Each structure stands twice: as C-alpha cells, then as structure tokens.
*Asks:* 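Please find one structure pasted underneath; my questions will follow.
Quick caveat, the model's predicted, so the values are computed rather than measured. We name chains A, B, ... by the order of the sequence lines, and we start the count at 1 in each one.
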Amino acid sequence: MSSILIIVFLPLLAAAVAGLVNKSFGAALPKIVTTGSLFVACGLSWPIFLSYLSGSAAPTVTPVLHWMTSGTMSFAWELRVDALTAVMLVVVTSVSALVHLYSWGYMSEEPDQPRFFAYLSLFTFAMLMLVTANNLVQMFFGWEGVGLASYLLIGFWFRKPSANAAAIKAFVVNRVGDLGFMLGIFGVFLVFGTVDIPTILAAAPNHAGSTIGFLGHRFDTITVLCLLLFVGAMGKSAQLGLHTWLPDAMEGPTPVSALIHAATMVTAGVFMVCRMSPLFEQSAVAMHVVMVIGAATCFFAATVGTTQTDIKRVIAYSTCSQLGYMFFAAGVGAYGAAMFHLFTHAFFKALLFLGAGSVIHAMHHEQDMRYYGGLWKKIPLTYTAMMAGTLAITGVGIPALFGNPVAFGFAGFHSKDAIIEAAFASGNTGVFWVGVVVALLTSFYSWRVVFLTFHGKPRWAASEHIQHAVHDAHGHGHDDHAHAHAAHGHDDHHAHDHGDGTAGYHPHESPLVMLIPLILLSIGAVAAGFVFHGFFIEPSAGETYWHGALAFNEHLMHAMHEVPVWVKLSATVAMLLGLGTAIFAYIVSPGFPAAFAEQVRPLYLFLLNKWYFDELYNLLFVRPAFAIGRLFWKRGDEQTIDRFGPNGAARLVQFGSFGAVKLQSGYLYTYAFVMLIGLTAALTWVIAR
Amino acid sequence: MTGFPILSVLLAVPAVAAVLCLFVGAQGARWTALLATLVNLALGAWLWTQFQHGDGAPQWQFVEHVTLFKMGGAEFSWALGIDGFAFLLIELSLFLMPICIGASWLSVTKRVPEYMAAFLATEVLMIGTFAAQDLFLFYVFFEGGLIPMYLIIGIWGGVNRIYASYKFFLYTLLGSLLMLIAMIAMVLNTGTTSIPVLMAHDFPANWQTWLWLAFFASFAVKMPMWPVHTWLPDAHVQAPTAGSVILAGVLLKLGGYGFLRFSLPMFPVASVQFMWVVFALSCVAVVYTSLVALVQSDMKKLIAYSSVAHMAIVTMGLFAFNANGIDGAMMVMLGHGVVSGALFLCVGIIYDRLHTREIDRYGGLAINMPRYAVLFLLFTMASIGLPGTSNFVGEFFSLAGVYQVSTWTALIGTTGIILGAAYMLYLFRRVVWGDLTKDDVKAMPDLDGREVAMLVALAAVVLWMGVYPTSFTAPMRADVARLTQRLDSAAHTLSISDSKPTPGSPQAAPTHEASAHEGAH
C-alpha cells in the first residue's frame with residue numbers, strides 16, 4: 001500500500017472514529033486517535049519530501065476510485081505526488097500534527113474536545129486531498145472540504161452569535177470565489193476537453209492567441225480561464241475584496257487560526273496558482289492581475305495590521321499581507337519564491353499564532369493587547385518563541401554583501417527578500433517598492449505585538465477577563481465559554497487593583513504539550529529559510545528540485561542574484577526602520593501612538609475600521625439581498641403572481657358562477673328568450689357561412 | 001423481453017396493499033404499508049441487479065404490452081417498459097416510500113388506514129408514470145398522481161390546507177388540460193399512442209411549436225418553474241411531513257421527466273427554439289427564489305423555495321442539449337429528491353416535538369440533539385452542493401453543460417451556489433446553533449432509533465451519490481447519448497441562425513504565437 005494513501009486517508013479515518021465515538025469513552029480516545037494518526041502521516045510525509053530533495057523521486061499518481069463520467073468528461077479520485085505536493089505534504093502534516101498536540105493543552109478545559117479533534121483531522125484530510133489532486137474537480141473537492149472544516153471550526157463555539165456570524169461569512173465569501181473557480185473549471189473543460197491537470201498544462205501553449213466567448217464578448221482564452229481560477233484563489237487566500245472573512249475567522253479557537261487560517265488552508269490559493277503556473281505563464285494579463293491584486297492586498301492588510309488591538313487580528317492581517325507577498329511573487333513569475341515563502345510562512349506564522357494562543361491562555365482569554373504588557377518575565381518560553389517568530393517574519397538576517405559569502409538569517413529573511421528581489425529583477429519597480437514599504441510595515445506591526453505584549457508595564461487590571469479570573473480565584477472552567485460573557489461592571493474592578501497593574505493576577509507558562517510545538521516550530525522559523533532556500537529558489541538546484549512541477553523561471557532566479565546592492569539591502573533597511581519606529585513608539589515613548597493617532601485621526605479611523613470594507617459590503621450586498629428577497633416575496637409572489645394567478649382565477653370563477661346563478665332564475669320567459677337568441681344565432685350561422 | 005412482469009408487480013404490490021389497508025385498522029394499516037413498501041424496495045433492489053446497461057443493452061427493458069381497446073387506428077394499451085431515466089426515477093420512488101411511511105408512523109393519528117392507502121396509491125401512480133409506454137396510460141398515471149396528493153394535503157394537512165390543496169390543484173389542472181389536447185392531436189396526427197414510437201417521430205416544425213407549448217404548460221407547473229411556482233410553498237407548508245417528502249422527492253421530478261420523455265425527444269426543433277425562454281425563466285428562478293428563501297421565517301417554506309431554485313438548475317441543464325447538461329439535470333433530480341426529502345424529514349422531526357415551523361422558535365439544538373445536528377448538517381451541506389455529496393455532481397455537470405451553451409446563463413446559475421449557501425447556513429445557524437435558552441426547546445429529546453434509521457439511510461445514499469456517482473450515471477449513459485444525438489440534428493439546423501448564443505469555444509490558433517494579443521478585441 002502506497003504511503004500516500006495512508007497519509008491522506010488516515011486522518012479521515014481518525015476524524016470518523018473521533019466523531020462517532022465522541023465522548024462515549026471519555027475525551028482521551030479521540031484525542032489519541034486523531035493526534036496519533038497525524039503524527040504517523042507527518043512521519044510518512046517527510047521521507048517523501050526528502051526523496052524529492054535528494055532528486056531521487058519521480059512524480060507519481062495513485063488511483064483510488066473512479067469518480068464521474070459524463071459525455072466526454074471523465075475523472076477519478078487519484079492522488080498525485082510531485083515536488084510541489086511534497087512541499088505541501090510536509091507543511092500540512094507537520095503543522096497539523098503540532099496543532100493537534102498543542103490543542104491537548106489549549107483545549108483541555110473544553111467539554112467538547114472530541115468534536116474539535118474530529119474537525120481538525122477532517123480538515124487535514126480535505127487539505128491533503130486538495131494538494132494531491134490530479135484533476136481540477138478533486139482540487140475543488142478539497143477546496144470545499146477545507147471550507148467546510150473551516151466553517152465548522154470558526155463556529156466551534158456555536159453558542160456565540162459572533163462565532164456563528166463569522167462562520168457563515170467565511171463560507172459565503174469563499175463561495176463567491178468558488179463561483180469563479182467553478183466557471184474556470186467549466187471553461188477549462190470547454191477549451192481543453194479535460195479537467196486532468198497535467199494534460200491541461202501540457203496543452204496550454206497550444207491555445208495561445210485563441211479567443212473565447214464570455215458574457216457576450218470575446219477575450220483571450222487563457223486569460224479568461226486564469227482569471228476565473230484566480231477569483232477562486234482570491235476567495236480562499238483572502239485577497240483584497242474577498243478578504244473580509246479572514247479577520248472574522250479569528251472567532252475560532254486559536255489552534256484553528258494557526259493551522260487553517262495561517263499555515264495551510266489560506267495558502268491553497270497560492271498553491272493553486274503555482275500548480276497551474278504553466279497555464280498562467282501563457283497570459284501576461286492574468287499574471288499582471290495576480291501581481292497587482294497580490295501587491296494591493298499586501299499593502300492594504302499591512303496598513304490595517306498596524307492599528308488593530310486584538311492580538312489575533314493583527315496576526316490575521318499579517319497573514320493576509322504575507323499571502324499578498326506570495327501572490328505578487330507568483331505574478332512576477334517567481335513561483336519558486338512564492339512556494340518558498342508559503343513554506344517558511346507556514347512555520348513562523350503557525351508559531352506566532354500558537355504563541356499568541358499561549359499568551360491568551362496565560363491571560364485568561366484576554367485577547368486585547370492594550371491589557372497586556374510586561375509578560376516576558378512571567379511566560380519566558382512563550383516570549384522566546386514569539387521572538388523567534390517575529391525575527392522570522394520581519395526577515396532579520398545578514399545579506400550576502402560586503403564580502404560576506406553566505407546570506408544567513410531567519411526564515412522570512414530568505415523567502416521575503418527573494419520575493420522583493422524577484423519583483424525588482426522582473427522589472428516591476430512599482431511592485432518592488434510596495435514590497436519594500438510593506439517590509440517596513442511588517443516589521444513595525446510585528447514588533448508592536450511583541451512590545452505591547454511582553455514589554456512595558458503590566459496593564460492587566462483593566463481587563464474584564466483578568467478581573468473575572470481574579471474574582472473567581474481560578475475556580476471555574478469554561479462552562480459558559482468565558483470569552484462570551486457579557487460586561488461586568490467596570491467600577492468594582494479597580495477596587496482590586498494592586499497598584500502595579502496586575503490586579504493580583506499571576507499568568508502561568510503553558511503546559512508542556514503546548515510548549516513542545518512552540519519549540520519545534522521555532523526551529524522551523526529559525527532554520528527553514530537557510531536550509532531549504534537552495535531547493536526552492538536557487539537557479540540550478542531549483543530547476544532540479546521542481547522538475548517541472550511548477551513553471552520555474554531559471555532566468556528570473558538568475559537575475560534575482562544580479563540585482564544592485566541597494567536593492568538587496570532595501571528590505572533589511574526597511575525592516576530596521578520598522579523596528580526602530582516600533583521601539584520608539586512602544587518602548588521609548590509609549591504616549592506617542594495615541595497622540596499621533598489623534599493628529600491623523602481620519603487616517604487612523606480609516607485603518608482601524610479596515611478601510612470600511614465590511615460596512616461597504618453590508619450596504620451593497622447583505623442588506624439589499626434581504627430587502628430584495630422580501631420585495632420579491634411580498635410584492636412578487638403574493639401581490640402579483642398569486643393575485644392575478646390562482647386567486648384571480650378563483651375570483652373569476654366566483655364572478656362567473658354569480659352570473660350563472662342569475663341566469664337560472666326559474667322564470668319561463670327568460671328561458672324562452674335565451675332559446676330564441678340561440679335559435680337566431682344558429683340560423684344566422686347556417687345561412688351566413 | 002418476456003419473463004417476470006416486474007413492473008406490473010411493482011404496481012400491484014402497493015395497489016393491493018392500499019385496498020388491504022382500508023380493512024385492517026390503524027396499526028395494521030401502518031404495518032401493511034411498511035411491509036408493502038419494503039417488499040417493493042426489495043423488488044427494486046432486484047431490478048437494480050437486472051437492469052442492463054453498457055454496450056448492447058436494449059433501450060427499453062422489462063417491456064410489457066397488453067392491448068386494452070382500440071379506437072380507430074390508435075389503441076389504448078397496458079404498455080410498460082423503462083429506459084435509464086425511468087429506471088433511476090423508479091428506484092428513487094421505491095427508496096423514498098418506506099421512509100415516508102416511517103415518517104408518518106407516529107405523527108399521523110387521524111384516519112390512518114385512509115392515509116396509508118393514499119400513500120400507497122401515490123406510489124402506484126408514480127411508478128406507473130415512469131413506467132408507462134402508452135401516451136394515455138401515462139396521462140392517467142401522471143394526472144392521477146394529483147388526486148392522492150390533493151387528498152393528503154387537504155385532509156391531513158395544516159391549518160390552511162384547503163387553500164393550499166385547491167391552489168395545487170388549480171395550477172396543475174390548467175397545464176394538464178392543454179397537455180391532454182396536445183396528446184389527442186399527436187395521436188390523430190400519427191395514429192399511434194406508443195411513446196417509444198413517438199419519440200422517434202419527426203413532427204413538422206410548426207406542430208412542434210404548439211405541442212411543445214402545451215406540454216410546457218403542464219411540465220413547467222409540475223417542475224415548478226418561475227412564475228408558476230407559488231403553489232409549491234403553500235403545498236409544502238400545509239402538507240404533512242411525509243407528504244412534503246414525496247412531493248419534493250418525486251412529484252417535482254415529474255416535470256423534469258416530462259421534459260426528458262416528451263419535450264426534448266419528440267419536439268427537438270421547438271425545444272431548441274424555446275431554449276432561451278427556459279434559460280431566462282430558470283435564471284430568474286435561481287436568483288429570485290433564492291433571495292425569497294433567504295427571508296423566510298417558516299422552515300418548510302424556506303426549503304420549498306430552495307427547491308424551486310434547484311429545479312431551475314435542472315431545466316437549465318436539460319435545455320443545454322448536451323450530455324453534461326442532461327446528466328447533470330438527472331443527477332440534480334435524484335440528488336434533490338433524496339436531499340430535500342431528508343431536509344423535510346428533518347423539519348418534520350423537530351415539528352413533531354415542538355409543533356411549530358417558526359425558525360426563531362428553535363435554536364441551540366446542537367446541545368440537546370447532537371445526532372440530529374450532525375445529520376442535519378450533512379443534508380444542509382448536500383443541499384448547498386458540497387463536493388462529495390449528491391447535489392454537487394448534478395449541479396456541476398448541469399452548469400458545465402450550460403456553460404458550453406451560454407456563459408451568462410451559467411454565471412447566473414452558478415450564483416445559486418452562493419445564495420444557496422447563504423440561506424441554508426442562515427437556517428442552520430438559527431435552528432441548530434446558538435445558545436439553548438428556551439425551556440420547551442431544551443426539553444426536546446434527541447433522535448430515536450426510527451428517526452436515526454431513516455436519516456442514516458438517506459445520508460448513506462447522499463454520500464454514495466457524491467463519491468461514486470457512476471452507479472447512477474451508467475444506467476442512463478446510452479439514453480443520454482441517444483437523446484443528445486437526436487437533439488444535435490435539431491440544434492444544428494438552428495445553430496446557423498442568430499438566435500444561437502455565442503459559442504464558448506475557442507477559435508484555436510495554436511501557431512499564431514506572434515499574434516498573442518491579450519484582452520478583448
């Protein structure tokens with residue numbers, strides 16, 4: 001039995017077992033089954049990845065079952081493994097296994113654990129189906145499967161109205177993207193006569209210059225197909241316009257945010273573009289759109305990230321922004337760099353989320369950074385892990401300049417700088433500058449999180465969650481989902497202030513099951529970039545590794561190394577500027593941010609309210625949908641169709657029978673008169689015809 | 001084919017049982033009905049193994065023919081026989097019937113023998129409709145199906161049952177009369193009542209137009225298509241649970257079956273001619289009824305409106321005139337039959353406990369009815385068309401077929417997947433999620449064994465159809481090929497005209513690398 005079958009289907013089996021057994025034998029069994037199966041899958045995935053790294057493996061397709069046939073369209077359930085899949089396999093199984101383990105600690109007070117672990121494993125199965133898809137429809141299956149798991153996990157605390165709303169929003173907004181994906185699949189089938197990915201990619205060059213009818217106009221064929229597919233990618237990867245669900249998705253438990261909304265699911269769009277890269281290569285327009293949308297998202301999300309106060313939301317916008325980086329890398333043709341950033345990002349972003357989870361855990365479910373501060377002494381291991389993640393995301397490292405033979409740095413240094421250099425090397429100077437500016441913003445908002453959380457003086461006393469904890473003397477569980485509770489009067493809280501801002505609360509470091517994943521991911525955040533950059537982006541090694549799994553542009557990768565010195569330094573300089581600003585604003589002069597925000601109040605509000613996307617969409621789509629629905633129902637169905645249709649007919653019949661009743665009066669002379677009229681009419685007809 | 005007259009037996013078992021029901025008291029009637037439907041289901045399983053498909057399989061199988069009387073050249077005969085379409089729809093009916101009986105086991109207490117007899121009569125008439133090969137025999141079954149359903153709504157229905165059943169009847173009657181006139185005209189023109197013969201007959205083009213319109217009047221109402229859909233929400237709301245299941249599960253498929261059996265093969269030229277009418281009405285239906293579904297506060301009404309939207313995907317697919325579209329339409333019909341049946345059952349289960357269909361009266365059922373929550377979630381997702389469930393297969397193929405004919409129609413049809421997600425998840429959220437605050441809702445017990453058995457059976461079929469739909473597409477493959485072949489000639493003659501939509505096929509110019517210009521021109 002091929003190991004890929006075990007990797008993919010073991011999590012499904014585990015999810016089914018955990019879901020069906022549920023709490024019948026306590027929470028331990030489902031936890032062991034799901035976590036164990038994920039570690040098995042992870043253990044089997046790394047050898048596959050390593051075999052591709054060593055260049056000893058060739059792409060394989062493992063058939064599972066025939067799926068559908070209709071007319072000339074036919075496709076099967078099958079599992080494809082190539083270099084691209086191998087990257088995703090290790091990312092998905094590793095992060096998933098660690099998140100499973102972490103959840104043992106994070107969710108330990110949760111009464112509904114089996115359900116949680118079943119969902120996690122179900123998600124992993126769907127994600128693995130997505131990355132191993134050999135045809136577009138199976139990819140769509142995985143695509144929707146992860147969407148379902150995401151929906152269920154965002155809504156895991158289903159008693160909370162906000163979680164319910166966020167879950168629905170995530171699903172529906174993703175469906176907007178799916179509309180594009182589905183139309184893209186239809187178009188691909190129409191053009192290529194198949195949905196089999198390798199066949200499509202091989203035939204893609206044959207269709208250059210052809211046109212296709214779409215919505216009454218004629219366009220370049222490949223451009224239409226790529227853009228339709230890209231709409232799908234935009235939905236799943238939360239790109240500008242379809243990003244609104246991602247910040248709200250933070251309603252889900254933090255391990256979910258780490259696994260689904262940072263490391264794996266949201267990168268599916270990037271994966272899809274890379275998978276279909278030979279097709280995208282055929283359309284300069286589509287590539288350009290991918291690049292612009294990516295850059296716009298990258299910038300937009302970073303600006304919003306600088307103002308948010310909820311620790312998870314900052315990291316969520318950071319994710320959105322980093323996904324933008326990946327897309328514009330793909331848009332300039334540096335697919336290897338996009339995948340590389342996807343790979344390193346998975347480690348350091350999962351680390352940041354799990355670190356944030358550890359902070360939230362320590363702070364009794366308080367998520368607002370305004371009520372953090374000075375935590376580094378209390379939870380030093382978490383602090384170290386968050387530092388590693390922050391060093392990685394901001395891209396700290398020493399460039400290979402001024403006689404230094406080897407560039408060396410944290411993960412993000414290698415991958416993000418590669419993207420920025422590739423943007424310059426490809427001649428897209430505008431996007432290059434966006435990349436540099438966002439590097440500054442990234443550095444600023446990331447350090448802001450660290451400084452607000454771990455440095456400065458404790459500001460815990462003002463937090464309701466902390467007050468709640470102190471009041472209850474840690475004596476209660478999560479029975480009513482502590483995060484959901486309504487306002488407790490603020491006034492009596494301050495009575496318990498111990499004067500040092502701690503309110504007498506003592507944060508504790510997280511248990512070992514939560515720290516082990518943090519440590520392992522820290523290693524990834526530190527080393528993943530340096531160790532693997534050769535295989536992902538170096539011209540010759542990359543060509544050998546990818547081996548046609550994506551459109552590897554060796555020429556561009558060469559050019560990337562030839563960029564001027566100032567370009568190579570730009571990202572590092574931007575990072576240092578961001579760090580400097582953050583140190584100034586949150587350590588040296590803590591009163592500055594508030595004062596500055598007051599000065600540029602309109603801009604501040606614009607960013608704080610996330611560019612008013614939610615308000616706009618509410619006004620444009622949500623409320624009109626309900627209003628029009630009501631209009632159609634009342635005015636359309638009831639007052640028009642029914643009124644003139646069946647009810648009208650009924651009234652007509654009533655009216656008619658009323659007339660008939662009058663005719664049947666019983667008087668002989670009326671009958672005789674009617675008879676006379678009839679006779680006359682009959683005679684007239686006979687004579688006149 | 002000679003041998004065991006399986007189709008007549010399938011009709012005889014429930015017919016005899018229906019009569020028997022009237023003489024055995026309430027409990028006896030329940031068991032009689034259950035036994036009869038289960039026997040029929042077993043026969044259906046046997047039929048499944050016996051039905052041939054693949055190369056060399058005859059188009060019409062299990063043919064029976066007994067001439068009842070002759071009238072001039074035409075005859076009225078007991079002619080039965082099934083092809084792939086009829087076979088699949090018969091299997092759907094056979095599968096849903098025991099579940100309907102099960103759903104009525106406790107909730108119907110008034111006039112039980114008559115109720116069970118009415119249901120068994122419905123089964124007879126449904127199977128007869130699908131199996132009939134004689135035009136008038138078909139008409140008798142097709143219209144006869146109205147009568148027991150009319151009674152089920154009118155006698156065992158809700159408060160407003162009289163209005164609903166009368167509306168139901170009035171709508172369908174008008175179409176039926178036009179269809180009868182058209183049938184008489186067809187018989188006078190051709191001298192035969194045999195449906196297989198008529199399917200190969202080429203009517204003159206102007207005849208086709210009028211005949212198509214007459215049949216359309218009947219099928220559009222049965223479907224139902226916008227704007228003749230307003231009987232459906234009322235009928236569903238007032239019907240008892242099992243009535244809704246069978247109404248959504250099978251009776252709504254009569255319209256689609258009619259299109260497949262009559263409109264498309266018998267009047268291909270007119271079908272192509274009216275393609276745009278059907279597309280336009282279907283597009284309106286998808287958006288209109290989905291939005292209306294979004295604002296419903298009555299669970300059954302919501303699902304009824306969603307049915308109209310799903311059926312619009314069926315009509316779109318059928319009138320795409322290609323294999324994908326027709327395969328997809330059939331799969332939506334089958335999938336929707338199972339899924340909407342299951343959803344109505346889910347509504348019925350909580351209605352039995354709380355006696356209200358008001359969505360806002362519920363909330364938090366995931367807490368005290370976890371088994372129910374899981375199964376309801378599965379059917380919700382199937383209704384949304386999640387891949388791996390039955391409805392995805394149908395929607396996907398149907399819309400893929402439509403895309404090849406009209407991208408606008410495909411685009412509007414595909415918006416149904418967004419709106420569908422919105423109204424179903426909104427429903428799920430209000431019923432199953434949220435906190436458990438209401439005392440009477442708290443007191444609701446989780447599913448019992450009977451309910452679990454019914455829903456799990458439905459769930460298994462939903463997943464089977466999603467994961468391995470080949471079981472369902474294979475029996476009809478040859479029939480789809482025959483139908484598209486027949487339509488092709490008609491579509492071809494008209495495709496030259498301007499009314500044909502811009503084909504979405506590329507003008508491939510593989511060698512023109514130099515002229516690789518981007519964007520529109």
Side-chain angles (χ1 to χ4, degrees), chain A residues 65-73 137 140-141 144-145 148 155 158-159 161 164 168 171-172 175-176 178-179 182-183 185-187 189-191 206-221 223 283-285 625-626 628-630 632-633 636-637 641-642 645-646 649-650, chain B residues 167 170-171 227-228 230-231 288 291-292 294-295 322-324 327-328 364 366 381 386-388 393 396-397 399-400 403-404 407-408 410-411 414-415 417-418 421-422 425-426 429 433-435 467-470 473 477 502-510 512-513 515-521:
Chain A
L65 182 72
H66 183 69
W67 194 4
M68 303 184 206
T69 304
S70 164
T72 55
M73 195 194 285
V137 185
F140 192 68
F141 167 83
E144 294 285 280
L148 167 68
F158 57 79
R159 296 168 203 238
N164 294 344
I168 294 182
F171 200 98
V172 173
R175 276 262 153 155
V176 177
D178 295 345
L179 172 118
M182 265 182 99
L183 291 175
I185 297 174
F186 301 155
F189 174 68
L190 184 65
V191 173
N206 300 337
H207 294 271
S210 81
T211 66
I212 191 172
F214 187 69
L215 303 185
H217 298 275
R218 297 202 74 77
F219 303 101
D220 181 70
T221 304
T223 304
S283 167
V285 175
F626 280 88
I628 294 170
R630 228 164 273 126
F632 281 163
W633 179 30
D637 270 17
I641 297 174
D642 277 355
Chain B
K167 203 169 171 181
L170 197 71
Y171 256 121
V228 286
T230 61
W231 62 271
Y288 183 110
L291 288 172
V292 174
L294 194 61
V295 296
N322 51 39
N324 293 145
D327 270 337
M381 286 300 156
L386 204 76
V393 181
F396 179 79
F397 279 137
L399 292 166
Y403 185 93
Q404 293 158 35
T407 46
W408 266 115
L411 175 72
T414 313
T415 57
I417 70 166
I418 304 173
L425 294 182
Y426 190 41
R429 170 199 173 168
W433 280 358
D435 209 350
V467 174
Y468 193 67
T470 308
T473 51
R477 186 161 309 136
T502 323
S505 61
Q507 313 283 300
H512 287 199
E513 289 290 325
S515 67
H517 46 87
E518 307 106 9
H521 61 226

*Asks:* Could you measure the distance from the CG atom of A/L179 to the CG atom of B/L399? Nearest 0.5 Å is fine.
*Replies:* 9.5 Å
*Asks:* Quick check for you: to the nearest 0.5 Å, what is the distance between B/D435 atom CG and A/R159 atom CZ?
*Replies:* 5.5 Å
*Asks:* How many angstroms lie between atom CG of B/L411 and atom CZ of A/F214, to the nearest 0.5 angstrom?
*Replies:* 6.0 Å
*Asks:* What residue in B/P227, B/A422, B/A323 has the most heavy-atom pairs under 4.5 Å with chain A?
*Replies:* B/P227
*Asks:* Answer whether the closest heavy-atom distance between the side chains of B/Y403 and A/M182 falls below 4.5 Å.
*Replies:* no
*Asks:* Please check if the distance between the ring centroids of B/F396 and A/F189 is under 6.0 Å.
*Replies:* no
*Asks:* Kindly compute the distance separating OH (B/Y426) from CG (A/N164), expressed to the nearest 0.5 Å.
*Replies:* 11.5 Å
*Asks:* As an exercise: rank A/G155, A/S70, A/G629 by heavy-atom pairs under 4.5 Å with chain B and give me the winner.
*Replies:* A/S70
*Asks:* With a 4.5 angstrom heavy-atom cut-off, is it the side chain or the backbone of B/Y171 that approaches chain A, or both, or neither?
*Replies:* side chain
*Asks:* What heavy-atom pair brings A/P161 and B/R429 nearest, and what distance separates the two atoms?
*Replies:* O-NH2, 3.8 Å
*Asks:* Which atoms of A/L215 come close to chain B, meaning under 4.5 Å heavy atom to heavy atom: side chain ones, backbone ones, both, or neither?
*Replies:* both
*Asks:* Can you measure from CG (B/L425) to CZ (A/R175) and round to the nearest 0.5 angstrom?
*Replies:* 8.5 Å
*Asks:* Looking only at heavy atoms and a cut-off of under 4.5 Å, which of A/F171, A/F141, A/F158 has the most pairs with chain B?
*Replies:* A/F158
*Asks:* Would you name the heavy atoms of A/T69 and B/R477 that are closest together and state the gap between them?
*Replies:* CB-NH2, 3.8 Å
*Asks:* Under 4.5 Å, counting heavy-atom pairs only, tell me which of B/D327, B/N322, B/V228, B/V467 racks up the most with chain A.
*Replies:* B/V467
*Asks:* Tell me the closest heavy-atom pair linking B/L294 and A/A625, and the distance in Å.
*Replies:* CD2-CB, 4.0 Å
*Asks:* Please flag which part of B/T473 lies under 4.5 Å from any non-hydrogen atom of chain A: side chain, backbone, both or neither.
*Replies:* side chain
*Asks:* First locate atom CD1 of B/I417, then atom CG of A/D178, and finally report the distance between them rounded to the nearest 0.5 Å.
*Replies:* 5.5 Å
